[in-house]
There are 2 protein chains.
Amino acid sequence: MPTIKEIAKISGVSVATVSNIINEKGKVSEETRIRVQKVIEEMNYTPNSVAKNLKTKNSRCIGVIAEDMTVFALPDIIDGITEYCEKEDYQILLVNLRLYKKFEDTYYQSDRYGAIVQREIYKLLSKQVEGIIYVAAHERLINVLPQQLPVPMVVAYSYTTQKGIPSVMVSDEQGARELVKYLISMGHRRIGVIAGKKDSMHTRSRLEGYQRALFEGNVLYDPDLVVYGDWERPSGYRNTDYLLEKNVTAIFCMNDFMAGGAYDRLDERKRKVGKDIAVVGYDNREMAGYEKPPLTTMGLPLHDIGYRASEIIIELMKQDEKAEAESSIAYVDCKAFIRDSVNRI
Amino acid sequence: MPTIKEIAKISGVSVATVSNIINEKGKVSEETRIRVQKVIEEMNYTPNSVAKNLKTKNSRCIGVIAEDMTVFALPDIIDGITEYCEKEDYQILLVNLRLYKKFEDTYYQSDRYGAIVQREIYKLLSKQVEGIIYVAAHERLINVLPQQLPVPMVVAYSYTTQKGIPSVMVSDEQGARELVKYLISMGHRRIGVIAGKKDSMHTRSRLEGYQRALFEGNVLYDPDLVVYGDWERPSGYRNTDYLLEKNVTAIFCMNDFMAGGAYDRLDERKRKVGKDIAVVGYDNREMAGYEKPPLTTMGLPLHDIGYRASEIIIELMKQDEKAEAESSIAYVDCKAFIRDSVNRI
DNA sequence: TTGTACGCGTTATCAT
DNA sequence: ATGATAACGCGTACAA
């Protein structure tokens, strides 16, 4: 790895001239430029960006803290982050907390959790990142972030009420509303719900969307048509009988797994999905398209969440030290995948 | 963000002393140590690791180039990388090439591809990473890596014959062999194969494993029992009839999607999987466990591949400039997931 | 147009 | 035990 000094010496100029050429600061004759350029080519010289960073104080690097890479939502979110960062020529320092592996799925209740997050943030800071995006594994309230960070921070797929930290979330309310409106447009009026866990933000927002769609469609909201599962397939299976007794013509499952469970039970009870009864899911997981019949579901805008989070953080970074960011929440819309699990009645 | 100078000034000592305290270089009285420590605490001082890196030339950072984050194998591989790197206190600079988005799925035939990879490698180098792991989206021969890199490089989930670059791959041969041996142990002799694309490494290796298992089980290899699909579900569906005509009692599909397609066709033909006929898949994709009956399949050691790749690269980094690494290939074993799709006959 | 000298935040060497 | 100072590789005034 040659340094700028060596390039200067070999081309017979000073380091200043080489630097000027690299950074296109004019003030250099065409003649010497091509001579030096040639040496740079030949030596395969790349400026040491660590030294550059030390001098100029911009690392063109943002830190991304992922709660757990292997949770299905994360890769797409990170993909969105990298897409925008590539456009803006920022690189990514990735931290994978591996929270699901280290703790149970209630890691965020662990007292060690907050300390871990903060330690990683300070590590990132010591590497001079210009901003930090925290990517959660599922939506909830996050309040373990340090106050008064020297660089902007953004929370993706969760939210925080901490000052100056914007959040980017899925518009679950819009997604559920759109999906249920679709059901209504297909003639369904008695629409059962197999909800997720009761304390989940996703559950609450999707339920609101369901209620609003009903209201806008002039359908009375019947609380008895809502039953709670636990996001797992068996809970979809178990709760189907109850809704059938209520004579629903459609079942809105709050994720695709539970919809799969409902499929299983409906199959046993000889009710043909997409013919005798409608089922819709949420998330658009890979298996949704492979169910029989293919499941109509609401896709999560994961990529867009990551993309939006990067947009926000880079915007904040450009503003530099100016007015503190608001702790706003940006919602990104879901997009439906209409397949064959909904019949018209 | 305070600097070491400020800490020195405030504690009334020289920067050298502060540095010595931070790095535990002895030679400092207990008295001044605690005084300085206190200032460090109060000021919330963290050493600037960019400056430290410039001086000491170890960034404790490795570069990870992912061909496409959103391909199913990648998150687990990266997770494995991060696990080992965390233990060794290395951080990760992530590059997501997004190759599947930018090109077709034959990106590696594009002439731009090689240039892109090399550009990213030099970017990483300029950030002073101490090693680079290249994570491919599927196994094949990779030969676009630059020669004579100043830091070690390892290829994960593919291989290269380039000098000094070790590779880590799935032991497809072992996986297929184990799976087919299991079929044989369950009494099956006429075992049909729905293979992947003919030019895929995975296909070739898995076919070898199949043949070896047959040989070891004293079963004649009948080439007519092997048919080629394209990894997609419909190709599993299409090829099932052919194998049925050949009177196979078991079908080895080279991935879970094609196994799903076989399920579909078998269902139409009233052949009960796990009762009248056996089906096995490969990869252990999420949907495998949800098929009816749950699919017996061979799991890919993705996490372990990442882990192993980190082990190798960090080992190489420790060896420093010493003897060039061999361009060896490490194979990591697959692990079977026995479920309910194989009957005993 | 080109070169000199300094500073960025550290660590390391060598005095004191 | 502590401090002054020279690197590390680069960018940039300012001088030439």
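Proteins come first, then strands; the chains are lettered A, B, ... in the order of their sequence lines, and each starts at number 1.
Classification of B:Lys318 and B:Glu315 as a salt-bridged pair fails, no side-chain N sitting under 4.0 Å from a carboxylate O. The residues B:Glu30 and B:Arg33 are annotated as salt-bridged, a charged nitrogen and a carboxylate oxygen being separated by less than 4.0 angstrom. Taking the charged nitrogens against the carboxylate oxygens, A:Lys38 and A:Glu41 have no contact shorter than 4.0 Å, which rules out a salt bridge.
Checked by atom type, the side-chain pair A:Lys87/A:Ser310 shows no donor-acceptor distance below 3.5 Å. Side chains of B:Lys52 and A:Ser126: a donor-acceptor N/O pair is absent below 3.5 angstrom, by distance only.
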Please assess A:Arg140 against A:Glu67 for the test salt bridge (charged side-chain N to carboxylate O under 4.0 Å, His left out), listing each intermediate value before the final yes or no.
CA-CA 13 Å; A:Arg140 59 183 203 281; A:Glu67 288 192 340; 2.7 Å; yes

Taking protein heavy atoms under 4.0 Å as touching, what does nucleotides 11-16 of chain D look like 5' to 3' if B marks base contact, S marks sugar-phosphate-only contact and - marks none?
BB----

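The NZ atom of B:Lys57 sits 10 Å away from the C1' atom of D:dA7 (whole-angstrom rounding). Between the CD atom of B:Glu6 and the P atom of C:dC8 there is a distance of 11 Å, given to the nearest Å. Taking atom CG of B:Asn58 as the reference point, atom P of C:dG9 lies 20 Å away to the nearest angstrom. B:Asn53 has its CG atom 10 Å from the C1' atom of D:dC8, to the nearest Å. In this structure, A:Ile21 places its CD1 atom 14 Å from P of D:dC10, rounding to the nearest Å. In this structure, NZ of B:Lys5 is placed 13 Å from C1' of D:dA4, rounded to the nearest angstrom.
For the ring-ring contact (aromatic ring centres under 6.0 Å, His included) test, residues two or more places apart in sequence or in another chain that qualify with A:Tyr307 are A:Tyr84.
Taking only side-chain nitrogens and oxygens, A:Thr32 never comes nearer than 4.0 Å to OP1 or OP2 of C:dT1. In this structure, B:Thr3 does not reach the C:dG9 phosphate: none of its side-chain N or O atoms is under 4.0 Å from OP1 or OP2.
Residue A:Val13 is classed as a sugar-phosphate contact, given heavy-atom separations below 4.0 Å to backbone atoms only.
Among the nucleotides C:dC8, D:dA4, C:dT10, the one closest to the side chain of B:Asn48 is C:dT10. For B:Leu54, the listed nucleotide lying nearest its side chain is D:dC8; candidates were D:dC8, C:dT2, D:dA4.
Position along DNA chain D of the nearest nucleotide to A:Ala51 versus B:Arg35 favours B:Arg35 as the more 5'-ward residue.
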